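See structure below.
In what follows, every chain begins at residue 1, and chains take the letters A, B, ... in the order their sequences are listed. Since the model is a prediction, treat every value here as computed from it, not as a measurement.
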There are 2 protein chains.
Amino acid sequence: MRAELFHPDRDEISLDRVLHALSDPIRRDVARVLHEEGSRVCGQLDYPIAKSTLSHHLKVLRESGVMHTEVRGTTRVITLRRDDIDTRFPGLLDAVQVTTPAPALTDA
Amino acid sequence: MRAELFHPDRDEISLDRVLHALSDPIRRDVARVLHEEGSRVCGQLDYPIAKSTLSHHLKVLRESGVMHTEVRGTTRVITLRRDDIDTRFPGLLDAVQVTTPAPALTDA
DNA sequence: TTCGTTGTTCGTGAAACATCGAATAAGTCG
DNA sequence: CGACTTATTCGATGTTTCACGAACAACGAA
């Protein structure tokens with residue numbers, strides 16, 4: 001946990017990776033929550049999966065460039081990289097229903 | 001090859017599956033070509049992969065609901081299910097750059 | 001320093017994917 | 001029928017992904 005967390009630069013954000021990251025309903029829901037609330041402490045996410053599994057999903061989201069993770073003491077604050085995604089792939093967040101207040105976590 | 005090919009109904013099209021289908025650059029390029037040209041005979045697609053691999057990709061695209069395959073004699077004509085995708089996920093095709101005349105096949 | 005909290009990493013399976021070449025099936029044309 | 005064309009399916013292989021529990025690391029507070 002010492003080394004800084006990897007985040008791709010804006011221009012390195014790959015559509016392949018982003019689409020893959022968003023092809024999972026939990027990851028999409030995390031993105032949706034971040035969109036709604038701006039940011040969030042990891043621990044305040046609640047899904048019916050193991051901690052390590054959630055950690056994995058958050059890593060996929062981070063490494064794909066969808067969100068940013070800031071280390072703050074023992075907690076991590078995650079944030080949607082809205083500007084970066086919007087710039088690289090305009091309309092994507094809307095299209096994948098991340099900006100929808102809706103039910104979420106459905107395999108729509 | 002006798003049984004009819006599976007195509008999901010419009011309401012059965014899953015965002016999970018569609019995003020996964022479109023997370024591959026070749027599959028996205030096929031979608032782009034179909035967008036540009038309306039439809040295409042499978043054999044007129046040219047990618048540096050084995051025929052069986054392409055066949056697999058086309059199956060993923062078909063089963064996810066992104067495209068339709070019509071059997072015509074020994075050939076198959078594939079078509080983008082534009083209306084269905086647009087209805088279910090407005091803006092998605094634009095956002096994933098399927099509607100971009102551009103370079104394509106880049107891991108943008 | 002010791003404890004509790006927060007998250008990540010590790011080790012490990014199970015499942016899904018991508019890829020290929022060879023075999024197969026269906027249709028068309030001689 | 002037989003050869004050819006088109007495309008899928010099969011079988012094999014290797015990779016990646018997802019999932020879990022256990023162990024570990026970092027920090028803050030007692």
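Closest heavy-atom contact between A:Ala95 and B:Gly91: CB-C, 3.7 Å. Contact detail for A:Tyr47 and A:Leu54: the closest heavy-atom pair is CD1-CD1, 4.1 Å. Considering every non-hydrogen atom in both B:Ile78 and B:Leu34, the closest pair reads O-CD2, 3.5 Å.
Rounded to an integer number of Å, the gap from A:Asp24 CG to C:dA15 P is 18 Å. Atom CD in B:Glu63 sits roughly 12 Å away from atom P in C:dA18 (whole-Å rounding). The nearest whole Å value for the distance from the CG atom in B:Asp16 to the C1' atom in D:dT17 is 14 Å. Atom CD of A:Glu70 and atom P of D:dA26 are 18 Å apart (whole Å). Atom-to-atom, CD1 of A:Ile78 to P of C:dT8 comes out at 9 Å; the value is rounded to the nearest Å. C:dT9 atom P lies 14 Å from atom CZ of A:Phe6, rounded to whole Å. Taking atom CG on A:Leu19 and atom P on C:dC17, their separation rounds to 15 Å, with Å as the unit. One atom, CD1 of A:Ile26, and another, P of D:dC18, lie 11 Å apart when rounded to the nearest Å.
Hydrophobic cluster membership differs between A:Leu93 and A:Val60, with clusters built from Ile, Leu, Val, Met, Phe, Trp and Tyr side chains linked at under 4.5 angstrom. The hydrophobic clustering, which links ILVMFWY residues whose side-chain heavy atoms are closer than 4.5 Å, places B:Met67 and B:Val77 apart. Linking ILVMFWY side-chain heavy atoms closer than 4.5 Å, directly or via other members, places A:Leu5 and A:Val41 in two distinct hydrophobic clusters.
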Output a table of nitrogen or oxygen pairs between the protein and nucleotides 13-15 of chain D separated by less than 3.5 Å.
none

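Of the candidate nucleotides C:dG27, C:dC17, D:dA7, C:dG27 has the atom lying nearest to any side-chain atom of B:Thr74. Listed candidates were D:dT6, D:dT8, C:dG7. Nearest to the side chain of B:Arg76 is D:dT8.
Within residues 49-61 of chain B, the residues that place at least one heavy atom under 4.0 Å from DNA chain C are, in residue-number order, B:Ile49, B:Ala50, B:Ser52, B:Thr53, B:His56, B:His57.
A donor-acceptor contact closer than 3.5 angstrom is absent between the side chains of B:His68 and B:Arg81.
Here B:Arg27 reaches the OP1 or OP2 of C:dA18: one of its side-chain N or O atoms lies under 4.0 Å away.
Counting non-hydrogen atoms under 4.0 angstrom, B:Val41 reaches the backbone sugars and phosphates but no base.
Ion pairing between B:Arg28 and A:Asp16 holds under the 4.0 Å rule for side-chain N and carboxylate O.
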- Message: Test side chain to side chain contact (heavy atoms under 4.5 Å, CB included) on A:Glu70 and A:Thr79; report intermediate values, then the result.
- Response: CA-CA 8 Å; A:Glu70 181 194 349; A:Thr79 319; 5.7 Å; no
